[in-house]
Amino acid sequence: MFTLDQIAQAHSRVRSGADFPRYVQDLIALDVQRYTTWLADGRVDYEGLGQVLSTTAKHAAQTIADHGDKDHFRERLKLHQRGGTDYPTFCADARDAGVERWVVDTGAMTCTYFDKSGKALLVERIPATGA
């Protein structure tokens, strides 16, 4: 059974998108099987082994663009992964590109970005390590 404190400790080691693969490995070690990040308010739902834990909203509700812009989002994602933006900036970029939420599946090692209609804008493979 994992706790939100354990997840927060793992997340505290993330400085940029470049640290994301290591973070996912830390979540796997905690038995988190999937998590969903909601960009409107920043809350996150973590699932694993019959357990679901949710954080509270991280900020006031933000607007998500009505139409997804996959190309613009991919460009901003790559910049973030290279360490070129911080997390709040990346989230704002994603909202502007129409991303409502992303779902990380630790078994499949994927991160899927969805628009408001539930359409997958991008499915990305997560490297097994940050190396």
Side-chain angles (χ1 to χ4, degrees):
M1 301 288 273
F2 55 86
T3 67
L4 290 177
D5 286 339
Q6 290 172 311
I7 292 168
Q9 184 178 4
H11 195 265
S12 72
R13 293 186 287 274
V14 177
R15 299 291 175 241
S16 75
D19 299 321
F20 181 69
R22 179 71 240 160
Y23 173 62
V24 171
Q25 291 300 318
D26 290 345
L27 294 180
I28 289 169
L30 294 173
D31 292 325
V32 174
Q33 296 170 330
R34 171 187 184 106
Y35 74 88
T36 303
T37 301
W38 299 91
L39 290 165
D41 63 6
R43 69 189 151 83
V44 184
D45 302 324
Y46 297 93
E47 303 170 44
L49 303 175
Q51 179 181 8
V52 178
L53 294 178
S54 299
T55 67
T56 58
K58 302 282 191 254
H59 51 74
Q62 303 290 311
T63 302
I64 308 291
D66 288 330
H67 301 287
D69 185 340
K70 182 178 178 177
D71 293 333
H72 177 68
F73 175 65
R74 186 184 309 264
E75 192 177 291
R76 300 306 295 176
L77 174 62
K78 297 290 182 202
L79 176 64
H80 183 64
Q81 290 171 332
R82 291 190 309 267
T85 61
D86 62 11
Y87 185 72
T89 300
F90 172 66
C91 289
D93 289 343
R95 287 190 299 269
D96 290 346
V99 176
E100 177 191 51
R101 68 187 182 283
W102 62 73
V103 177
V104 171
D105 182 324
T106 63
M109 291 299 285
T110 58
C111 183
T112 305
Y113 301 88
F114 293 94
D115 67 12
K116 287 165 53 170
S117 72
K119 177 183 171 192
L121 291 174
L122 180 65
V123 179
E124 186 174 51
R125 302 275 314 146
I126 301 167
T129 65

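These numbers come from the heavy atoms of this one structure, side chains and all, not from hydrogens, waters or symmetry mates.
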Common cluster, [X]/[Y], ILVMFWY with side-chain heavy-atom separation under 4.5 Å:
X      : Y      : value
Ile28  : Val32  : yes
Trp38  : Leu77  : no
Leu121 : Leu79  : no
Phe114 : Val104 : no
Val14  : Leu27  : yes

Provide the closest heavy-atom pair for [X] versus [Y] in the form atom of the first, atom of the second, distance.
X      : Y      : value
Lys116 : Ile64  : NZ-O, 3.2 Å
Leu122 : Phe73  : CD2-CE2, 3.9 Å
Arg101 : Asp115 : NH1-O, 3.9 Å
Gln9   : Arg13  : O-NH1, 3.4 Å
Gly42  : Thr55  : O-OG1, 4.3 Å
Ala120 : Thr112 : CB-CG2, 3.7 Å

Say you draw a straight line from [atom1] of [X] to [atom2] of [Y]; how long is it, rounded to the nearest 0.5 Å?
X     : Y      : atom1 : atom2 : value
Phe2  : Ile7   : CZ    : CD1   : 5.0 Å
Asp69 : Arg76  : CG    : CZ    : 12.0 Å
Lys58 : Tyr87  : NZ    : OH    : 8.5 Å
Asp5  : Leu53  : CG    : CG    : 10.5 Å
His72 : Asp96  : NE2   : CG    : 6.5 Å
Thr36 : Asp105 : OG1   : CG    : 10.0 Å

For atom [atom1] of [X], is the number of surrounding heavy atoms from other residues, nucleotides or ligands below 6.0 Å larger than 12?
X      : atom1 : result
Gln62  : CD    : yes
Lys119 : NZ    : no
Arg43  : CZ    : yes

Residues Phe90, Trp102; criterion ring pair (Phe, Tyr, Trp, His ring centres under 6.0 Å); working and verdict: CA-CA 12 Å; Phe90 172 66; Trp102 62 73; 5.5 Å; yes
Electrostatic pair Arg34-Glu47, nearest N-O below 4.0 angstrom: yes
Evaluation steps, side-chain contact (heavy atoms from CB on, under 4.5 Å), between Glu124 and Tyr113: CA-CA 8 Å; Glu124 186 174 51; Tyr113 301 88; 3.8 Å; yes
Check: Ala10 main-chain N/O paired with Arg22 side-chain donor or acceptor under 3.5 Å: no
Ring geometry between Tyr35 and Tyr23 (parallel below 30°, tilted from 30 to 60°, perpendicular above 60°): perpendicular
Min side-chain heavy-atom separation Thr63-Arg95 under 4.5 Å: no
